[in-house]
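Reviewing the structure listed below.
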2 protein chains.
Amino acid sequence: MTTRTARRAAATRRSMEPVVQESTPSMIASRVREAIASGHIAPGSQLGEANLARELGVSRGPLREGLQRLTAEGLLISIRNRGLFVIEMTPERVQDMYLARQAVERAAAERIHDGDPVAAGGALMGVIEVMARARSARGEGVADIEFHQLLVSLAASPRLSRMHEILMTETRMCIHALADSYVHGDAVRVEEHTAIARSFLDRDARLTDELLAAHMTDAVRRLTAGRSTAPPSSSA
Amino acid sequence: MTTRTARRAAATRRSMEPVVQESTPSMIASRVREAIASGHIAPGSQLGEANLARELGVSRGPLREGLQRLTAEGLLISIRNRGLFVIEMTPERVQDMYLARQAVERAAAERIHDGDPVAAGGALMGVIEVMARARSARGEGVADIEFHQLLVSLAASPRLSRMHEILMTETRMCIHALADSYVHGDAVRVEEHTAIARSFLDRDARLTDELLAAHMTDAVRRLTAGRSTAPPSSSA
DNA sequence: GCCTCTAGTATTGTCGACAATCCAACGAGA
DNA sequence: TCTCGTTGGATTGTCGACAATACTAGAGGC
């Protein structure tokens with residue numbers, strides 16, 4: 001009975017945040033998504049519904065609904081009467097992923113330049129500094145992730161943010177799968193991030209665009225270095 | 001028993017396409033998505049599960065799974081214990097949608113210029129011509145849709161294509177909702193499309209980028225013309 | 001020895017029913 | 001007359017069970 005009065009109060013004066021009750025499938029999707037991104041669930045592995053349902057303490061109904069959401073995001077692939085499988089990160093997919101990231105982040109950067117690039121540049125500098133200080137304590141790559149997530153969120157575009165979130169999940173998955181070839185470029189990345197942030201402070205939209213494109217190209221080169229375009233174990 | 005031998009044959013020689021049996025939730029999602037895109041289901045309306053399930057001849061289980069997919073795409077919003085509602089196209093959302101479309105299509109165009117822009121330009125010219133001939137017979141906007149879908153598909157990027165597909169669904173929904181203010185710019189659009197296609201034939205990447213950006217800006221201006229940023233009936 | 005066919009097993013796909021929650025209408029009291 | 005509490009109806013959320021399908025192991029025949 002308290003919900004009605006609370007809602008009405010929120011309607012009259014918007015000081016208190018309305019209680020948003022996340023749906024169960026959404027929570028399940030978040031959990032499983034996190035497990036995949038953090039490498040807890042290996043790429044290519046099958047997700048047994050019964051096991052997962054037991055593990056999460058829910059029935060198979062809500063579980064399947066949450067997993068459908070991840071399938072829509074492209075994180076899982078569904079084969080009828082066979083089950084759901086986590087995607088494997090082939091070099092082609094890494095390349096395509098970074099192409100999409102480039103599209104999203106460059107658009108976000110352009111939009112920031114149309115708004116308040118100086119404030120954005122300051123915020124980015126801040127996160128770089130904080131992350132540099134806390135580096136090596138946390139896992140590798142969190143600084144990278146944090147920077148790019150902030151970059152896109154500063155564009156204040158719901159759709160770009162949603163797209164980027166999906167792509168960052170895949171990126172994190174990729175980082176864990178190829179951890180050895182990722183850690184090397186840590187210092188390089190920080191430097192590139194700093195240059196990008198500075199270009200915002202300088203209001204140099206063209207430079208930001210070039211730096212971002214180069215940053216992405218570097219990343220995809222590092223990740224696919226020494227790997228052929230077709231991995232040894234590929235399944236249909 | 002024929003499936004095993006068929007699959008083995010497909011594995012050895014890839015002449016015949018393997019039988020891909022689409023999952024039921026996926027088919028349901030396609031149906032409902034189409035119904036929303038074509039305006040058959042009004043924006044803002046609630047989707048009653050029991051009715052839809054009866055209408056599609058399936059149980060509520062698979063139906064809910066398919067609807068979860070549309071929720072992940074951002075086409076529906078879920079309110080716990082209340083139901084699923086089709087999103088409403090406010091001017092802000094239209095603007096954001098076209099921002100995302102700009103990001104995707106410009107990236108696709110850039111990638112085409114890295115590949116074979118002349119062939120792509122030819123293909124685009126072809127679809128423009130075919131659509132100009134069959135115009136006014138089909139509904140408004142199909143030429144526009146067709147052109148942009150072909151443009152992105154020519155980039156041969158799965159992720160860009162998937163993102164674009166989602167955005168085009170929203171675009172179609174928007175067109176039907178604002179049909180009156182859309183039909184006017186039909187001739188203008190064809191002209192702009194032709195210019196874009198020609199820029200591919202001329203291998204002028206910078207021009208393509210500028211034309212695409214302008215094309216998007218025009219579209220969003222036409223669609224939001226005369227409308228305030230906040231519609232009279234807005235719900236939280 | 002190799003291939004083919006045949007159960008057996010495990011998993012997914014689907015359905016119906018029950019429980020929980022919410023909205024709207026109605027009536028009682030200040 | 002306005003506000004509050006209550007009841008009724010309808011919808012969503014969740015669960016368990018059944019049916020359908022695909023992989024695996026083993027026996028039999030060539």
Side-chain angles (χ1 to χ4, degrees), chain A residues 1-12 18-32 41 44-72 76-86 235-236, chain B residues 1-12 18-32 41 44-72 76-86 235-236:
Chain A
M1 301 301 169
T2 60
T3 51
R4 194 170 61 183
T5 52
R7 188 176 302 155
R8 185 179 304 173
T12 50
V19 179
V20 282
Q21 235 172 336
E22 209 177 357
S23 70
T24 308
S26 172
M27 293 191 289
I28 292 171
S30 298
R31 283 288 183 87
V32 180
I41 300 179
S45 61
Q46 181 174 7
L47 291 144
E49 295 181 359
N51 289 342
L52 263 178
R54 252 198 315 276
E55 209 166 321
L56 293 172
V58 293
S59 181
R60 277 180 55 210
L63 180 85
R64 284 173 64 94
E65 291 180 27
L67 262 42
Q68 277 292 335
R69 201 175 281 213
L70 299 185
T71 304
L76 306 176
I77 55 174
S78 158
I79 304 178
R80 193 179 169 106
N81 289 321
R82 283 277 305 274
L84 294 162
F85 300 84
V86 182
S235 62
Chain B
M1 299 305 166
T2 59
T3 52
R4 194 170 60 183
T5 53
R7 189 175 303 154
R8 186 179 305 172
T12 51
V19 179
V20 283
Q21 233 172 335
E22 209 178 358
S23 69
T24 309
S26 172
M27 292 190 292
I28 293 171
S30 298
R31 282 288 184 84
V32 180
I41 300 179
S45 62
Q46 181 175 6
L47 278 74
E49 296 181 358
N51 289 342
L52 263 178
R54 251 198 316 275
E55 207 165 321
L56 293 172
V58 293
S59 181
R60 277 181 55 211
L63 180 85
R64 284 172 64 93
E65 291 181 29
L67 263 42
Q68 278 291 334
R69 201 175 280 215
L70 299 185
T71 305
L76 304 176
I77 55 174
S78 157
I79 304 178
R80 193 181 168 101
N81 290 321
R82 284 276 305 274
L84 293 162
F85 299 84
V86 183
S235 62

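Letters A, B, ... mirror the listed sequences (proteins, then strands); counts begin at 1.
- Backbone-only contact: A:Leu47 has heavy atoms under 4.0 Å from sugar-phosphate atoms and none from a base.
- No N or O donor and acceptor, one from the side chain of B:Arg82 and one from the base of D:dG13, sit under 3.5 Å apart.
- With rounding to the nearest 0.5 angstrom, the CD atom of A:Gln68 is 5.0 Å from the CD atom of B:Glu65.
- Looking at every heavy atom in both residues, A:Leu56 comes nearest to A:Ile28 through CD1-CG2, 4.0 Å.
- Counting to the nearest Å, the P atom of D:dT12 and the CD atom of B:Gln68 are 13 Å from each other.
- You'll find the side chain of B:Ile77 stays beyond 4.5 Å of the side chain of B:Thr71, heavy atoms only.
- Whole-Å rounding puts the A:Leu52 CG to C:dT11 C1' distance at 13 Å.
- In this structure, CG of B:Leu84 is placed 21 Å from P of D:dA10, rounded to the nearest angstrom.
- Across the protein-nucleic acid pair, A:Leu67 atom CG and C:dT12 atom C1' stand 12 Å apart, rounded to whole Å.
- Taking 4.0 angstrom as the limit, A:Arg64 places a side-chain polar atom (N or O) nearer than this to OP1 or OP2 of C:dG13.
- A:Ser23 comes within 4.0 angstrom of nothing in the nucleic acid, heavy atoms only.
- The separation between A:Ile79 atom CD1 and D:dT21 atom P is 17 Å, rounded to whole Å.
- Going from atom CG of A:Asn51 over to atom C1' of C:dT12 covers 13 Å, rounded to whole Å.
- In this structure, A:Leu63 places its CG atom 12 Å from C1' of C:dT12, rounding to the nearest Å.
- Mapped onto DNA chain D by nearest heavy atom, A:Asn81 and A:Arg60 fall at different nucleotides, with A:Arg60 at the one closer to the 5' end.
- In this structure, CD of A:Gln46 is placed 14 Å from P of C:dA10, rounded to the nearest angstrom.
- A:Arg80 comes within contact range of the sugar-phosphate backbone alone, with a heavy-atom separation under 4.0 Å but no base atom that close.
- Of the candidate nucleotides D:dT14, C:dC15, D:dT12, D:dT12 has the atom lying nearest to any side-chain atom of B:Glu49.
- Minimum atom distance to the side chain of B:Pro62 is reached by C:dT14, of the listed D:dT11, C:dT14, D:dG13.
- Contact annotation for B:Gly83: backbone-only contact, meaning every heavy-atom pair under 4.0 Å involves sugar-phosphate atoms and none involves a base.
- How far CG of A:Asn51 is from CD of A:Gln46: 10.0 Å, rounded to the nearest 0.5 Å.
- The structure places CG of A:Leu84 at 9.0 Å from CG of A:Leu70, a figure rounded to the nearest 0.5 Å.
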